[in-house]
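Counting begins at 1 with the first residue of the sequence.
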Amino acid sequence: MSKFQAITSLFILVFIIIFVTYKITAFSSNHSTSKNRYIQLQLLGVNDFHGQLNKYQMVSGTMTGGAEYLAAHLKKYKQENPNTLLVHAGDMVGGSPPISSQFQDEPTIEFLNLLHFDVGTPGNHELDEGVNEMKRLIHGGFNKKTGYFQGANTAYSSANIIDRKSGIPLLPPYVIKQMDGIDIGFIGVVTKETNMYVSPENRKEVEITDEVSAINRTVKILKDKGIKVIVVLAHDSAKSEKAGANSTGALVEMAPKIDDEVDVIFAGHSHEYANTVAAGKLIVQAYSNGKAFSQVNLEIDPHTKIIVKKQAKIIATSHHHIKPDEETVALLNKYRKKLGSNFNQVIGEMPEEIRRNQDANGESPLAKMIAESEREAMGVDIAFVHQGEMRKSLKKGKITVEDLYTNMPMGHSVSKLILTGDQIKLALEQQWTKDYENRLQTVGLTYDWEAKAPIGSRIVVLKDKKGQVIQPNNEYEVAVSNYLASGGDNFTAFEQGRLVESGPQVVTALIRHIQQKYPPHSLKE
């Protein structure tokens, strides 16, 4: 071999080595890219916050909750993935403690604005003070108590709150957000049971329609727009074990009927844990009151714009190893100052805890106490209280004004009605329907009932506090909340009564009762 041929062969060999090395590197790079070519989208969800800006609860042995800690966690997770959207599934306001409720829940909306929530949907409690007040909190407007409010920065959606006049959704049925070139469609709905939970006067302008029909109708619109990633924000119930098994609730039952183009459903309303898959749809719910949030991670193919992987975690807002968010602390301090010291006033001391929960007979000690305070306030012999009037048990020891406003946040007032014996019996019969049991708490009455009797015919003996049988045509003065008086919780029998007097707030009646029966320092040292 000549010297020239040797050099040529060497050159060719070097070229082959360089070429092969390049191809291997390119293949490896392309292979790695194909594995990581999916867009990583993170959805962080909250449900049923109920204005619990300054309230904390123990979960699995660790302190959780509080707006400043919820904010710290959400900001931390948002920083870890720029492709993040914050969403909520309703009841962010309503049933709130004084730091929010005394300012028409504007502080809670300010908090959501501070975190820049992207999409939300109303729950049933957003309607507690009527359609116009809900719209004011969302869009901004004037309230005689607080003045002008700028409204929410969050885009709200609801496909099944229908304006009775126009026949179209009161809010946009869907919201489209774009992340890294991918359009994501969000559809909001609220439980149809809102028709039962919200008083007729506060929902007279709207009709709450079937959730599944509203979702599927809106999914079709989004599909026609070419959107393939669809998320439902549903203020409806869901529950599962930690690993996702034994899932139950309205949304689990609805899932097979919901269009398969829906990928993820954020649940709410029942304040339960849910992280499960039903009919191919990932369903999550993160308890309530800011104790936790949902983290949903989606991998999306940028070419097909289809989700190739989805998974979720429910993350507690533990106070360990995280500092409270300073912006939120400043917001809380502003409203603590505005609230003043009156709510810190000690009004009584309880010798033992007065429990909210019902016993085996359906009796709730706290509800009985509230009923007694209503009876005293209106000077009548009979009173009724529904279980939703109070949110927590009354703790042992010193009780402040804030404690009672937090435990009883609904703002209902006491009404004196005149009902016939037949109307009283009908109200008690309405404790049972084919779908659920909703026990009333009573004072001034005793009754026997037959569990196996047909619904509507279960009350067999009904007597007043003197042991006299309640007569069908006799008239009786009774005390109830204005919520029950308007047929709330589907107790339409009370609507048939004649209103003769409006009294103080229910919480005010209870404060007076406790001050008289359990005054401060009444406990032995």
Engineer: Between the side chains of Arg375 and Glu372, is the shortest nitrogen-to-carboxylate-oxygen separation below 4.0 Å, so that they form an ion pair?
Structural biologist: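 Yes.
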Engineer: For Lys466, does the NZ atom have more than 12 heavy-atom neighbours from other residues, nucleotides or ligands under 6.0 Å away?
Structural biologist: no
Engineer: Is there a side-chain contact between Gln285 and Asp48 in this structure, where contact means two heavy atoms from C-beta onward sitting under 4.5 Å apart?
Structural biologist: yes
Engineer: Out of the candidates Thr492, Asn490, Asp489, only one should pair with Gln430 under the side chain to side chain donor-acceptor pair (under 3.5 Å) rule; please name it.
Structural biologist: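 Among the candidates, only Thr492 passes.
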Engineer: Indicate whether the side chain of Glu374 and that of Ser481 have a donor and an acceptor atom separated by less than 3.5 Å.
Structural biologist: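 Looking only at side-chain atoms, Ser481 and Glu374 do not form any donor-acceptor pair under 3.5 Å.
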Engineer: Taking the side chain as everything from C-beta on, heavy atoms only, tell me whether Tyr476 gets closer than 4.5 Å to Gln471.
Structural biologist: yes
Engineer: Does the pair Glu477 and Ile382 meet the rule for a side chain to side chain contact (heavy atoms under 4.5 Å, CB included), with working shown?
Structural biologist: CA-CA 7 Å; Glu477 289 185 334; Ile382 300 170; over 6 Å; no
Engineer: Report yes if the side chains of Glu126 and Glu133 come closer than 4.5 Å at any heavy-atom pair, otherwise no.
Structural biologist: no
Engineer: Could you give the distance from CD1 (Ile459) to CG (Leu445), rounded to the nearest 0.5 Å?
Structural biologist: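 Between atom CD1 of Ile459 and atom CG of Leu445 there are 10.0 Å.
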Engineer: Is it the case that the side chain of Asn407 and the backbone of Lys395 share a donor-acceptor pair, with hydrogens and angles ignored and the cut-off at 3.5 Å?
Structural biologist: no
Engineer: Quick check against the 3.5 Å criterion: does Arg458 have a side-chain atom that pairs as donor or acceptor with the backbone of Trp449?
Structural biologist: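 Not confirmed, Arg458 side chain does not pair with Trp449 backbone.
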Engineer: Backbone N or O of Lys452 within a donor-acceptor pair of the Glu450 side chain at under 3.5 Å?
Structural biologist: yes
Engineer: Salt-bridge test for Glu376 and Arg512: reply yes if a basic N is under 4.0 Å from a carboxylate O, no otherwise.
Structural biologist: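 Judged by the 4.0 Å cut-off on N to carboxylate O distance, Glu376 and Arg512 do not form a salt bridge.
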Engineer: Check this for me, if you would: do Glu106 and Arg136 make a salt bridge, where the nitrogen-to-carboxylate-oxygen distance has to be below 4.0 angstrom?
Structural biologist: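 Salt bridge: yes.
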Engineer: Can you spot which of Phe186, Tyr156, Phe293 makes a ring-ring contact (aromatic ring centres under 6.0 Å, His included) with His88?
Structural biologist: Tyr156
Engineer: When you measure from the side chain of Asn143 to the backbone N and O of Lys145, does any donor-acceptor pair fall under 3.5 Å?
Structural biologist: yes
Engineer: Does Ser157 reach the main-chain N or O of Gly188 with its side chain, forming a donor-acceptor pair under 3.5 Å?
Structural biologist: yes
Engineer: Kindly determine whether Leu339 and Phe103 satisfy side chain to side chain contact (heavy atoms under 4.5 Å, CB included), including the steps that lead there.
Structural biologist: CA-CA 9 Å; Leu339 192 62; Phe103 307 102; 4.1 Å; yes
Engineer: To the nearest 0.5 angstrom, please state how far the CG atom of Leu282 sits from the CD1 atom of Ile265.
Structural biologist: 9.0 Å
Engineer: Walk me through whether Leu366 and Asn357 qualify under side chain to side chain contact (heavy atoms under 4.5 Å, CB included).
Structural biologist: CA-CA 8 Å; Leu366 178 55; Asn357 297 346; over 6 Å; no
Engineer: Supply the atom-to-atom distance Ile162 CD1 to Ile168 CD1, rounded to the nearest 0.5 angstrom.
Structural biologist: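 Separation between the atoms: 8.5 Å.
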Engineer: Taking the side chain as everything from C-beta on, heavy atoms only, tell me whether Tyr273 gets closer than 4.5 Å to Ser240.
Structural biologist: yes
Engineer: Fit a plane to each ring of His513 and Tyr518, take the angle between them on a 0 to 90° scale, and name the class: parallel (under 30°), tilted (30 to 60°) or perpendicular (over 60°).
Structural biologist: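 Ring orientation, 0 to 90° scale: perpendicular.
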Engineer: Using the side chain to side chain contact (heavy atoms under 4.5 Å, CB included) rule, take Leu171 and Ile138 through it: C-alpha gap first, then chi angles, then the decisive distance, then the call.
Structural biologist: CA-CA 10 Å; Leu171 297 168; Ile138 294 173; 4.1 Å; yes
Engineer: Using a 4.5 Å cut-off on heavy atoms from C-beta on, say whether the side chain of Arg439 contacts that of Gln431.
Structural biologist: yes
Engineer: Atom CD in Glu475, atom CD in Gln423: separation rounded to 0.5 Å?
Structural biologist: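 Reported to 0.5 Å precision, the distance equals 8.0 Å.
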Engineer: Ring centroid separation for Phe384 and Phe491, is it under 6.0 angstrom?
Structural biologist: no
Engineer: Is the ring pair Tyr197/His269 parallel, tilted or perpendicular, if the boundaries are 30 and 60 degrees?
Structural biologist: tilted
Engineer: Hydrogens and angles aside, do Glu201 and Ser486 bring a side-chain donor and acceptor to less than 3.5 Å of each other?
Structural biologist: no
Engineer: Minimum heavy-atom separation for Ala509 and Val414, please, with both atom names.
Structural biologist: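 Result for this residue pair: CB-CG2, 4.4 Å.
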Engineer: At what distance, to the nearest 0.5 angstrom, does CG of Leu137 lie from OG1 of Thr154?
Structural biologist: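 Those atoms lie 11.5 Å apart.
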Engineer: Any side-chain donor-acceptor pair under 3.5 Å between Thr406 and Asp403?
Structural biologist: no
Engineer: State whether Glu429 and Lys425 are salt-bridged, where the test is any N-O pair (Lys NZ or Arg NE/NH1/NH2 against Asp/Glu carboxylate O) under 4.0 Å.
Structural biologist: yes
Engineer: Over 60° means perpendicular and under 30° means parallel, so tell me whether His50 and His125 are parallel, tilted or perpendicular.
Structural biologist: perpendicular
Engineer: Looking at side-chain heavy atoms only, is the closest gap between Arg164 and Val131 below 4.5 Å?
Structural biologist: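 No; the side chains remain at least 4.5 Å from each other.
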Engineer: I need the Thr194 OG1 to Arg203 CZ distance, nearest 0.5 Å.
Structural biologist: 9.0 Å
Engineer: For the rings on Phe494 and His386, is their centre-to-centre separation under 6.0 Å?
Structural biologist: no
Engineer: With sequence neighbours excluded, tell me which residues meet ring-ring contact (aromatic ring centres under 6.0 Å, His included) with Tyr174.
Structural biologist: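 Partners of Tyr174 under the ring-ring contact (aromatic ring centres under 6.0 Å, His included) test: none.
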Engineer: Is there side-chain contact between Val87 and Val231, with at least one heavy-atom pair below 4.5 Å?
Structural biologist: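 No, side chains not in contact.
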Engineer: Please determine which of Asp91, Thr121, Thr191 meets the side chain to side chain donor-acceptor pair (under 3.5 Å) test together with His235.
Structural biologist: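 In the set Asp91, Thr121, Thr191, the residue that makes a side chain to side chain donor-acceptor pair (under 3.5 Å) with His235 is Asp91.
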Engineer: Got Pro107 and Lys338 here, is their nearest side-chain heavy-atom distance under 4.5 Å?
Structural biologist: no
Engineer: Of the non-hydrogen atoms in Ala312 and Val284, which two are nearest, and what is the gap between them?
Structural biologist: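 Closest approach of Ala312 to Val284: CB-CG1, 3.6 Å.
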Engineer: Please say whether more than 12 non-hydrogen atoms of neighbouring residues, nucleotides or ligands are located less than 6.0 Å from NZ in Lys239.
Structural biologist: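 Count not over threshold, so no.
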Engineer: Could you tell me if Glu129 and Gln104 have a donor-acceptor pair between their side chains, going purely by distance under 3.5 Å?
Structural biologist: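 Gln104 vs Glu129: donor-acceptor pair found between side chains.
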Engineer: Please give me the minimum heavy-atom distance between Met350 and Ile514, naming the atom from each residue.
Structural biologist: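 Scanning both residues, the minimum pair turns out to be SD-CG2, 4.3 Å.
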Engineer: Please check if any side-chain donor atom of Glu110 sits under 3.5 Å from a side-chain acceptor atom of Tyr335, or the reverse.
Structural biologist: yes
Engineer: Of all the heavy-atom pairs spanning Val189 and Ala159, show the shortest one and how long it is.
Structural biologist: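 Heavy atoms only, the tightest pair is CG1-CB, 4.2 Å.
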Engineer: Side-chain donor-acceptor pair under 3.5 Å between Ser199 and Asn202, yes or no?
Structural biologist: yes
Engineer: Donor-acceptor pairs under 3.5 angstrom involving side-chain atoms of residues 242-249: please list them, not counting sequence neighbours.
Structural biologist:
unit_1	atom_1	unit_2	atom_2	d
Lys242	NZ	Tyr287	OH	3.2
Asn246	ND2	Glu241	OE2	2.4

Engineer: Between Asn124 and Val198, what is the shortest heavy-atom contact and its length?
Structural biologist: O-CG2, 3.3 Å
Engineer: Ignoring hydrogens and geometry, is there a side-chain-to-backbone donor-acceptor pair from Thr64 to Gln57 under 3.5 Å?
Structural biologist: yes
Engineer: What are the two closest heavy atoms between Asn160 and Ala214, and how far apart are they?
Structural biologist: CB-CB, 3.6 Å
Engineer: Between Lys281 and Ala279, is there a donor-acceptor pair closer than 3.5 Å when you use the side chain of the first and the backbone of the second?
Structural biologist: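 Checking the backbone N and O of Ala279 against the side chain of Lys281, a donor-acceptor pair under 3.5 Å is found.
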